[in-house]
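The first residue in the sequence is number 1, and the count goes up from there. Just so you know, these numbers come straight off a predicted model, no measurement behind them.
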Amino acid sequence: MNVQESYPKKGRVILHIDMNAFYCSVHEVAEPELYRGKAIAVSGSVEQRKGIIVTSSYPARARGVRTGMLVREAVKLCPELILIKPDFDMYRQYSRGFRRIVYDYSPMVETMSIDECFVDITGSKQFGTPLEIASEIQMRIREELGLPCSVGVAPNKLLAKMASDMKKPNGLFVLRLRDVPSVLWDRPCGELYGIGKKTADKLLKLQIRTIGQLAGADHDLLQKTFGISGPAMKQAANGISHSEVNPEREPNKSVGHTTTLPYNYTERREIARVFLNLSDQVGRRLRHQKLVASTVQITIRDPDMKTITRSITLPVPTDQHDDIHRASCELFDRHWTPGKPIRLLGVTAQNLEPKEEAAIQLDLFSYEAQPKKNRLSEIMDTLRDKFGEDAVVTAGMIGDDPSALLRNRKRRGTSLERDPDGESFRNESDNQKQ
């Protein structure tokens with residue numbers, strides 16, 4: 001089959017690039033003499049043994065170490081486990097590096113998180129067949145960055161995502177629409193992309209256990225039980241998805257950061273510090289993209305995985321971390337019971353618009369103070385761009401959770417620092433399916 005015949009006459013060819021055990025793999029590349037081939041795990045709190053496992057290497061997973069497990073439980077299962085504190089600055093550098101490679105084959109790239117992206121290669125025939133392109137991307141990521149990844153090849157995003165999960169690590173899997181019954185239908189519903197544990201449990205109560213049973217389930221029953229998402233699940237079980245790859249050419253609709261805490265936080269002082277770190281990162285990204293936000297939203301998750309989001313409209317659009325932090329703390333005090341434990345926190349800036357187009361009305365005090373704040377932020381951003389994220393911090397930002405900027409980082413090569421489409425990823429995306 002020639003190149004032209006390997007592409008569909010109608011339809012698309014989508015790849016899903018999924019970095020394997022990304023955080024741990026990055027540490028193995030950065031310090032191979034310490035970590036290569038060993039049972040390692042990135043955890044929220046190394047010293048206190050109170051934290052949770054963020055992700056683990058494949059040797060650690062073979063011993064039963066899993067994402068979300070308490071550190072003390074992981075160490076019991078695997079006494080030789082090496083615990084590493086997160087270094088998100090380094091992870092971002094390698095994330096930019098692998099996406100830079102992907103962009104060499106198509107501009108149609110949609111970043112899903114720090115360690116995964118979709119790419120539409122329908123118009124990339126000049127680089128070879130879909131399998132040749134997928135293999136070359138995988139090979140270049142391994143040779144140029146030293147990192148393993150899995151690649152799914154499919155006619156839509158849903159099946160591409162499912163395909164990349166089929167063979168890990170270093171897998172390459174093609175999942176065609178005609179293959180769905182033989183490949184997917186015997187699997188549990190919980191393995192279908194987009195179906196979580198609660199939905200899978202509800203399906204089980206309807207005697208729908210497998211993806212195949214979901215594919216043949218009664219349309220009206222699903223709609224009555226799940227609303228409009230019911231028929232959508234049935235379509236997905238049949239491999240049908242019309243979601244397109246959305247390249248990030250327009251300004252982001254929102255900019256946010258979340259972080260899983262090293263242990264359950266209850267003290268407001270600690271919580272306010274996490275909000276300060278998250279607000280600082282959000283504000284910096286807003287300024288980088290020359291955007292201002294009119295709305296701030298916070299996300300709170302408790303140890304039972306119950307999640308709430310609350311938002312507030314700001315009196316004046318902003319790109320300043322102190323405004324975002326103030327709004328975040330106000331929302332928290334208004335909507336969360338004091339002393340109730342927290343496992344995850346997030347801050348998101350919403351209702352974005354270009355700063356130069358924003359109608360920002362200032363009172364007399366703000367009119368005098370705002371230029372000074374803008375100038376100070378500009379100086380801080382310049383220092384961080386030149387010397388790293390930890391070049392300028394306030395005392396209130398220092399802590400041991402993953403939201404805190406880390407100290408004494410080594411500078412990496414500039415080839416990893418080019419960011420083709422801006423920073424648009426979360427702090428904690430490395431999932432256990434890797």
Side-chain angles (χ1 to χ4, degrees), residues 6 8 11-21 55-56 58 61-69 112-113 115-118 130-131 134-135 138 148-243 245 305 429-434:
S6 67
R12 315 206 70 77
V13 181
I14 310 297
L15 307 183
H16 181 252
I17 317 295
D18 193 0
M19 307 304 293
N20 302 146
T55 190
S56 55
Y58 285 96
R61 293 178 191 187
R63 298 291 301 276
V65 178
R66 294 287 182 267
T67 293
M69 180 180 288
M112 300 304 293
S113 63
D115 63 346
E116 62 175 320
C117 69
F118 290 103
L131 272 179
S135 297
Q138 187 180 56
C149 72
S150 295
V151 183
V153 186
N156 58 50
K157 288 167 63 175
L158 166 72
L159 295 183
K161 170 67 175 176
M162 296 293 292
S164 68
D165 283 337
M166 293 295 173
K167 292 183 179 180
K168 291 189 174 182
N170 286 311
L172 196 162
F173 194 87
V174 179
L175 184 54
R176 303 173 182 86
L177 194 59
R178 64 175 180 265
D179 300 327
V180 168
S182 61
V183 175
L184 298 184
W185 280 5
D186 287 338
R187 295 171 177 263
C189 289
E191 292 188 16
L192 183 63
Y193 181 48
I195 292 185
K197 184 179 184 303
K198 289 184 178 179
T199 301
D201 289 343
K202 286 184 180 179
L203 288 168
L204 193 59
K205 291 179 181 178
L206 298 175
Q207 304 300 310
I208 300 174
R209 296 178 173 82
T210 67
I211 296 175
Q213 290 174 333
L214 177 58
D218 182 74
H219 176 282
D220 293 338
L221 174 63
L222 293 174
Q223 188 163 33
K224 180 181 178 180
T225 308
F226 299 100
I228 59 173
S229 63
M233 288 191 296
K234 179 181 172 75
Q235 275 198 324
N238 282 285
I240 300 170
S241 172
H242 304 294
S243 177
V245 172
M305 305 305 288
S429 64
D430 195 46
N431 60 57
Q432 189 57 53
K433 284 187 177 181
Q434 293 177 330

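- Atom NZ of Lys224 and atom CG of Leu222 lie 12.0 Å apart (nearest 0.5 Å).
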With side-chain contact (heavy atoms from CB on, under 4.5 Å) as the criterion, how do Met166 and Leu184 come out once you've worked through the C-alpha distance, each side chain's angles and the decisive distance to 0.1 Å? CA-CA 10 Å; Met166 293 295 173; Leu184 298 184; 3.3 Å; yes
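- Annotation: side chain of Leu159 is not in contact with side chain of His16 (no heavy-atom distance under 4.5 Å).
- In this structure, Lys157 forms a cation-pi arrangement with Phe118, its terminal cationic atom sitting closer than 6.0 Å to the ring centre and no more than 45° off the ring axis.
- Although no hydrogens or angles enter the test, the distance criterion places no donor-acceptor pair under 3.5 Å between the side chain of Trp185 and the main chain of Ala215.
- To the nearest 0.5 Å, the span separating CD on Gln213 from CG on Leu206 amounts to 11.0 Å.
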Audit row: Leu172, Ser135, side-chain contact (heavy atoms from CB on, under 4.5 Å) steps and yes/no: CA-CA 8 Å; Leu172 196 162; Ser135 297; 3.4 Å; yes
His242 and Asn156: CA distance, side-chain angles, deciding distance, side-chain contact (heavy atoms from CB on, under 4.5 Å) verdict: CA-CA 7 Å; His242 304 294; Asn156 58 50; over 6 Å; no
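- Using a cutoff of 4.0 Å between basic side-chain nitrogens and carboxylate oxygens, Asp201 and Lys197 are scored as salt-bridged.
- In this structure, Gln138 contributes its side chain and Cys149 its backbone to a donor-acceptor pair below 3.5 Å.
- For the pair Arg187 and Glu191, the tightest heavy-atom approach, listed with the atom from each and the gap, is NH1-OE1, 3.0 Å.
- Closest of all the heavy-atom pairs between Ser6 and Pro130 is OG-CD, 3.4 Å.
- Atom SG in Cys189 sits 8.5 Å away from atom CE in Met233 (nearest 0.5 Å).
- Distance check: Asp186 CG to Ile211 CD1 gives 9.5 Å after rounding to the nearest 0.5 Å.
- Judged by distance alone, with hydrogens and angles left aside, the side-chain atoms of Asn20 form a donor-acceptor pair with the main-chain N or O of Asn170 at under 3.5 Å.
- In plain terms, the two heavy atoms of Ala21 and Ser56 that are nearest each other are CB-O, 3.8 Å.
- The side-chain heavy atoms of Asp18 and Asp165, taken from C-beta on, include a pair separated by under 4.5 Å.
- Annotation: side chain of Arg209 is in contact with side chain of Leu204 (closest heavy-atom distance under 4.5 Å).
- When all heavy atoms are compared, the tightest approach of Ala160 to Leu15 is CB-C, 4.2 Å.
- How far NZ of Lys202 is from CD1 of Ile195: 12.0 Å, rounded to the nearest 0.5 Å.
- Proximity of Phe173 to Ser164: side-chain heavy atoms (C-beta onward) are nowhere separated by under 4.5 Å.
- For Gln223 (side chain) and His219 (main-chain N/O), no donor-acceptor pair under 3.5 Å exists by modelled atom type.
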Asn238 and Leu177: CA distance, side-chain angles, deciding distance, side-chain contact (heavy atoms from CB on, under 4.5 Å) verdict: CA-CA 8 Å; Asn238 282 285; Leu177 194 59; over 6 Å; no
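- A donor-acceptor contact shorter than 3.5 Å is absent between the side chain of Arg12 and the backbone of Pro8.
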For a side chain to side chain donor-acceptor pair (under 3.5 Å) check, start with the C-alpha distance between Ser150 and Lys168, then their side-chain angles and the critical distance, and finish with the verdict. CA-CA 6 Å; Ser150 295; Lys168 291 189 174 182; 5.5 Å; no
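- Expressed to the nearest 0.5 Å, how far CG of Leu203 lies from OG1 of Thr225 amounts to 8.5 Å.
- Using a 4.5 Å cut-off on side-chain heavy atoms (C-beta onward), Val153 and Leu175 make no contact.
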